Every structure is written in structure tokens, then in C-alpha cells.
Amino acid sequence: MVLYPDVQVKARKEIHKVMGYSRLPNFSDYSSLPYIHAIVKESLRWNPVVPLAVPHRSTSDDVYNGFFLPEGTLVVGNTWAILHDESVYPEPMTFNPDRFMKDGELNSEVRDPATAAFGYGRRICPGRFMAYESMWIAIAATLAVYTIEKAEGPDGTPITPNGDYEQGFLCYPKPFPCKIYSHHIDQEALIRATARI
Ligand code: HEM
């Protein structure tokens with residue numbers, strides 16, 4: 001959100017068009033906020049949490065693209081490469097949720113990153129539906145009430161995060177400063193009301 005402020009503006013417009021400032025999004029809004037789905041998909045794609053998934057072992061001899069894989073071969077699914085395939089996702093290093101949109105709706109013709117981000121086959125992540133929905137509600141609720149921006153250095157210059165990620169089995173952003181605030185009186189009331197639940 002800090003690096004791509006236009007995405008945030010667009011998401012907020014969609015949210016406020018559907019529910020104004022009177023309440024937080026909930027799962028009854030699931031199909032009314034397609035751009036939030038596009039942000040979730042792009043988040044799963046842009047920097048996948050498990051870039052090389054989990055190694056699998058083949059249970060029988062197999063041939064893939066002319067390569068013979070004997071039974072017992074350790075197979076590592078390259079999720080990163082699949083989700084950065086330029087022929088499927090042009091300019092793959094850019095965070096662009098619009099790649100999943102067409103005429104204001106989700107474009108079902110673009111390959112869903114969930115087909116790779118959660119692993120493969122029989123050992124595919126069993127928590128994927130809960131994970132997806134948790135991301136959806138967290139992103140929708142956060143953007144409904146907060147603006148996320150670059151923090152400023154001591155001389156007032158905005159600090160642009162360098163986009164560095166921890167590299168390893170799990171891939172997540174290194175800490176970076178940012179500014180998170182709410183600028184609408186009703187948004188503040190909503191946050192306070194939620195905290196009391
Ligand atoms: C964005 C969030 C998540 C991502 C990207 C993710 C991704 C993955 C991946 C790549 C695997 C390996 C699949 C394979 O072997 O091919 C996995 C396995 C697994 N995940 Fe997730 N996961 C997420 C959230 C969750 C949640 C919320 C839960 C539980 C509620 C969960 C439970 C599991 C379990 C139990 C396995 C092991 C499955 C097995 O080996 O049979 N995950 N996940």
C-alpha cells in the first residue's frame with residue numbers, strides 16, 4: 001500500500017461506494033468488492049509467502065517435459081516462477097491488481113494465483129480458504145478506515161521502503177517505517193466501536 005498508493009485509493013473508492021462510511025465491510029459484501037479480491041490475488045502472486053512451496057516425493061516413475069523422474073524423486077514446485085511467468089502475468093514485478101479485472105469485474109480468464117500459492121496436489125494447503133478469506137476481510141476492513149502512507153524522515157522527506165523481503169522457506173517483508181492514520185471522523189468512530197466488541 002505504501003509503494004502503490006493508487007491501488008489504495010481505488011480500493012477505498014470501491015469500499016465507500018458500496019457501504020459509505022457507516023460500517024465496516026463484512027462477508028455479506030464478498031461479491032460486491034471485486035477489486036479487494038484482485039488485491040488479495042495480487043498479494044498472493046507478487047511475493048508468494050512460500051516461494052518454493054514444500055518439496056514433494058514422486059510415488060512412481062514419471063516423465064515430465066521429456067525428463068524421466070524415477071520413483072522417489074524430490075520435486076520442488078517453483079511457485080515463484082509460476083507466479084512471475086510473463087506470458088500469464090505481464091510485468092510480473094509490478095503490484096497491479098487490475099491484471100485480474102475486466103470491465104469492473106474479476107476476469108476469470110486470468111490464472112488464479114491460488115492455483116500455485118498454496119502448493120500442489122494431495123498436500124495442497126488445507127487452510128487456503130480460511131487464509132484467502134482472512135486476507136480479504138483484513139484488507140477490506142483496513143482500507144475502509146485507514147490510509148497507509150510513506151513515513152517522513154527528520155527533514156520531512158518521505159521514506160520509500162526498499163521492498164526488501166526476508167528470504168527463506170517463508171518470504172515476508174523486512175520491517176519498514178510507514179504512517180497509518182484515519183482522516184474521517186466516522187472512520188475513527190468505527191474503529192472505536194470495533195475495539196469495544
Ligand atoms: C496466505 C496464507 C497461506 C499460504 C500462502 C499457505 C501456503 C501453504 C503451502 C505452499 C503449503 C505446502 C503445500 C504443499 O505441500 O504443496 C501449505 C501447507 C499447509 N498449510 Fe498453509 N498456507 C497459508 C495459510 C494456512 C492456514 C491459515 C492454515 C491453517 C488454518 C494452513 C495450514 C496448512 C497445513 C496444515 C499444511 C500442511 C498440509 C500437508 O502437508 O498435508 N495454511 N500451506
Side-chain angles (χ1 to χ4, degrees), residues 1-4 7-8 10-11 27 30-31 33-103 105-143 148 160-176 178:
M1 291 303 113
V2 173
L3 291 175
Y4 294 91
V7 170
Q8 201 178 151
K10 207 164 170 180
F27 285 113
Y30 207 57
S31 53
L33 300 174
Y35 191 67
I36 302 298
H37 285 279
I39 295 179
V40 177
K41 287 174 193 291
E42 185 66 340
S43 303
L44 287 168
R45 185 203 70 78
W46 188 52
N47 274 296
V49 183
V50 203
L52 289 176
V54 172
H56 288 215
R57 191 170 61 85
S58 61
T59 50
S60 56
D61 291 353
D62 202 357
V63 175
Y64 180 76
N65 272 356
F67 291 100
F68 174 64
L69 306 175
E71 178 185 340
T73 301
L74 201 66
V75 180
V76 177
N78 192 343
T79 300
W80 174 271
I82 292 168
L83 296 178
H84 291 78
D85 179 345
E86 276 176 294
S87 66
V88 182
Y89 307 110
E91 293 185 40
M93 301 307 286
T94 304
F95 186 87
N96 175 21
D98 271 308
R99 65 175 87 247
F100 298 106
M101 301 290 289
K102 193 178 176 188
D103 303 329
E105 295 299 328
L106 281 174
N107 182 359
S108 57
E109 281 165 26
V110 181
R111 188 192 292 155
D112 187 348
T115 52
F118 293 111
Y120 311 95
R122 289 190 300 169
R123 302 299 291 270
I124 193 169
C125 175
R128 63 195 183 281
F129 304 108
M130 182 184 169
Y132 183 97
E133 288 174 13
S134 305
M135 287 174 73
W136 187 88
I137 197 71
I139 291 170
T142 302
L143 295 183
I148 305 169
T160 304
N162 60 12
D164 259 7
Y165 271 64
E166 295 289 352
Q167 304 292 333
F169 172 65
L170 296 178
C171 184
Y172 51 92
K174 288 188 177 162
F176 59 88
C178 68

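Values reported hereafter were calculated over all heavy atoms of this structure, with side chains retained and with hydrogens, waters and symmetry mates removed. Since the structure is predicted, the reported quantities are computational estimates derived from the model, not experimental observations.
- The distance from atom NE2 of His37 to atom CZ of Phe100, rounded to the nearest 0.5 Å, is 13.0 Å.
- Ring orientation note: the planes of Tyr132 and Tyr30 are nearly perpendicular, at an angle over 60° on the 30°/60° scale.
- Here the side chains of Ile39 and Met1 are in contact, with some heavy-atom distance below 4.5 Å.
- Looking at Asp61, its side chain does come within 3.5 Å of a backbone N or O of Glu71 through a donor-acceptor pair.
- You'll find the side chain of Met101 reaches within 4.5 Å of the side chain of Tyr35, heavy atoms only.
- Across all their heavy atoms, Ala38 and Pro97 have their closest contact at CB-O, 3.4 Å.
- At most 12 heavy atoms of other shown residues, nucleotides or ligands fall within 6.0 angstrom of atom CZ in Phe67.
- Looking at heavy atoms from C-beta onward, Phe95 lies out of side-chain contact with Leu3 at the 4.5 angstrom threshold.
- The neighbour count for Tyr172 OH, taken as heavy atoms of other residues, nucleotides or ligands under 6.0 Å away, does not exceed 12.
- By the 4.5 Å heavy-atom criterion applied to side chains, Leu52 and Trp80 are not counted as neighbours.
- Glu42 approaches Thr94 most closely through the heavy-atom pair OE2-O, 3.1 Å.
- For the pair Ile148 and Cys178, the tightest heavy-atom approach, listed with the atom from each and the gap, is CG2-SG, 4.3 Å.
- Atoms CG and CG, on Leu44 and Asp112 in that order, are 8.0 Å from each other to the nearest 0.5 Å.
- Closest of all the heavy-atom pairs between Gln8 and Leu143 is CG-CD2, 3.7 Å.
- Heavy-atom neighbours of Arg128 CZ from other residues, nucleotides or ligands within 6.0 Å: above the threshold of 12.
- Put simply, CG on Leu83 and CG on Asn47 are 10.5 Å apart, with the number rounded to the nearest 0.5 Å.
- With no hydrogens or angles considered, a side-chain donor-acceptor pair links Thr79 and Tyr120 at under 3.5 Å.
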Checklist entry - What's the verdict on side-chain contact (heavy atoms from CB on, under 4.5 Å) for Asp62 and Val75, showing C-alpha distance, side-chain angles and the deciding distance? => result CA-CA 11 Å; Asp62 202 357; Val75 180; over 6 Å; no

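- Residues forming a salt bridge (Lys or Arg N to Asp or Glu O under 4.0 Å) with Asp85 (at least two apart in sequence, or on another chain): none.
- The distance from the CZ atom of Arg111 to the OG atom of Ser87 is 7.0 Å, given to the nearest 0.5 Å.
- Counting heavy-atom neighbours within 6.0 Å of Tyr64 OH, excluding the residue itself, gives a total of 12 or less.
- Considering only residues two or more places apart in sequence or on other chains, Tyr89 meets the ring pair (Phe, Tyr, Trp, His ring centres under 6.0 Å) condition with none of them.
- Here the straight-line distance linking atom NZ of Lys174 with atom CD of Gln167 works out to 7.5 Å at 0.5 Å rounding.
- Counting heavy atoms from C-beta on, the side chains of Lys41 and Leu106 come closer than 4.5 Å.
- Between His84 and Arg45 the shortest side-chain heavy-atom distance falls below 4.5 Å.
- Of all heavy-atom pairs spanning Pro70 and Ser58, the tightest one is O-OG, 3.2 Å.
- The shortest heavy-atom contact between Pro90 and Arg99 is O-NH1, 2.6 Å.
- Using a 4.5 Å cut-off on side-chain heavy atoms (C-beta onward), Val63 and Phe68 make contact.
- Within the 4.5 Å cutoff, no side-chain heavy atoms of Asp164 are placed close to those of Phe176.
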